[in-house]
Participant: 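One structure is given below, represented as structure tokens, and several questions about it will come after.
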Amino acid sequence: MIGIDIAKIDRFKGIKEADFKHWRNFFSKNEWKYCFSKPRVDEHLAAIFSIKESVMKAVGDYLVGRFDLISVEHDEQGRPEVFIEGKLGIVNVSVSHESGLVVTVAITI
């Protein structure tokens, strides 16, 4: 299956690292730290959020709305790797940023 999502980067503008308690249902602590280690925090938050949305759409079923079951990490080249309930290799994702938007595609393997 394939899932696609698009997110406005501005939606994540102005979020501060101390705001984690308001976003902890959507991001893990590691994802949060990763995003705040980057110069464009808003772009990275939008990308991870959109990745999770596209994964939910690709996998469907029990995963819909369960941001807590999906985690996004990055390999040595900076490519996102998706873990579902701690397992890698269930989906592949692609991310693109352009004109204030993030678009993601997830494909189940």
Participant: According to salt bridge (charged side-chain N to carboxylate O under 4.0 Å, His left out), who are the partners of Arg11, at least two apart in sequence or on a separate chain?
Facilitator: none

Participant: Once salt bridge (charged side-chain N to carboxylate O under 4.0 Å, His left out) is applied, do any residues pair with Glu53, and if so which ones, sequence neighbours excluded?
Facilitator: none

Participant: Are the side chain of Asp75 and the backbone of Gly78 linked by a donor-acceptor contact shorter than 3.5 Å?
Facilitator: yes

Participant: Is there side-chain contact between Leu45 and Phe27, with at least one heavy-atom pair below 4.5 Å?
Facilitator: yes

Participant: Take Ser71 and Asn30 through the test side-chain contact (heavy atoms from CB on, under 4.5 Å) and record every step on the way to the result.
Facilitator: CA-CA 9 Å; Ser71 63; Asn30 287 338; over 6 Å; no

Participant: State, with a plain yes or no, whether a side-chain heavy atom of Phe67 is found less than 4.5 Å away from one of Phe49.
Facilitator: yes

Participant: Are Ile2 and Ile51 connected in a single hydrophobic cluster, I mean Ile/Leu/Val/Met/Phe/Trp/Tyr linked by side-chain heavy atoms less than 4.5 Å apart?
Facilitator: no

Participant: Taking side-chain hydrogen bond (donor to acceptor under 3.5 Å, both in side chains) as the definition, give me every residue that meets it alongside Lys38, ordered by chain and number, with sequence neighbours left out.
Facilitator: none

Participant: For residues 18-36, which residue pairs qualify under salt bridge (Lys or Arg N to Asp or Glu O under 4.0 Å), counting only residues two or more places apart or in two chains?
Facilitator: Glu31-Lys52

Participant: Please tell me if the side chains of Val41 and Ile15 come closer than 4.5 Å, counting only heavy atoms from C-beta onward.
Facilitator: no

Participant: Which residues satisfy the side-chain hydrogen bond (donor to acceptor under 3.5 Å, both in side chains) test with His97, sequence neighbours excluded?
Facilitator: Glu43

Participant: Residues in salt bridge (charged side-chain N to carboxylate O under 4.0 Å, His left out) with Asp5, at least two apart?
Facilitator: Lys57

Participant: Throw together a table of side-chain donor-acceptor distances under 3.5 angstrom for residues 98-109, partners on residues two or more places apart or in other chains.
Facilitator:
residue: Thr104; atom: OG1; partner: Ser50; partner atom: O; Å: 2.9
residue: Thr104; atom: OG1; partner: Ser50; partner atom: OG; Å: 2.8
residue: Thr104; atom: OG1; partner: Ser54; partner atom: OG; Å: 3.2
residue: Thr108; atom: OG1; partner: Met1; partner atom: N; Å: 2.7
residue: Thr108; atom: OG1; partner: Met1; partner atom: O; Å: 3.4

Participant: Do Ile9 and Ile4 share a hydrophobic cluster, counting only Ile, Leu, Val, Met, Phe, Trp and Tyr and linking them when any side-chain heavy atoms are less than 4.5 Å apart?
Facilitator: no

Participant: To check you understand the geometry: which heavy-atom pair defines the closest contact between Phe20 and Ser28, and what is its length?
Facilitator: CE1-O, 3.8 Å

Participant: With Gln77, which residues qualify under side-chain hydrogen bond (donor to acceptor under 3.5 Å, both in side chains), at least two apart?
Facilitator: Arg79

Participant: Show which side-chain atoms of residues 80-90 pair as donor or acceptor with protein atoms under 3.5 Å away, not counting sequence neighbours.
Facilitator:
residue: Glu85; atom: OE1; partner: Tyr62; partner atom: OH; Å: 3.3

Participant: Sequence neighbours excluded, which residues qualify as ring pair (Phe, Tyr, Trp, His ring centres under 6.0 Å) partners of Phe36?
Facilitator: Trp32

Participant: Who are the salt bridge (charged side-chain N to carboxylate O under 4.0 Å, His left out) partners of Asp68, not counting sequence neighbours?
Facilitator: Arg66

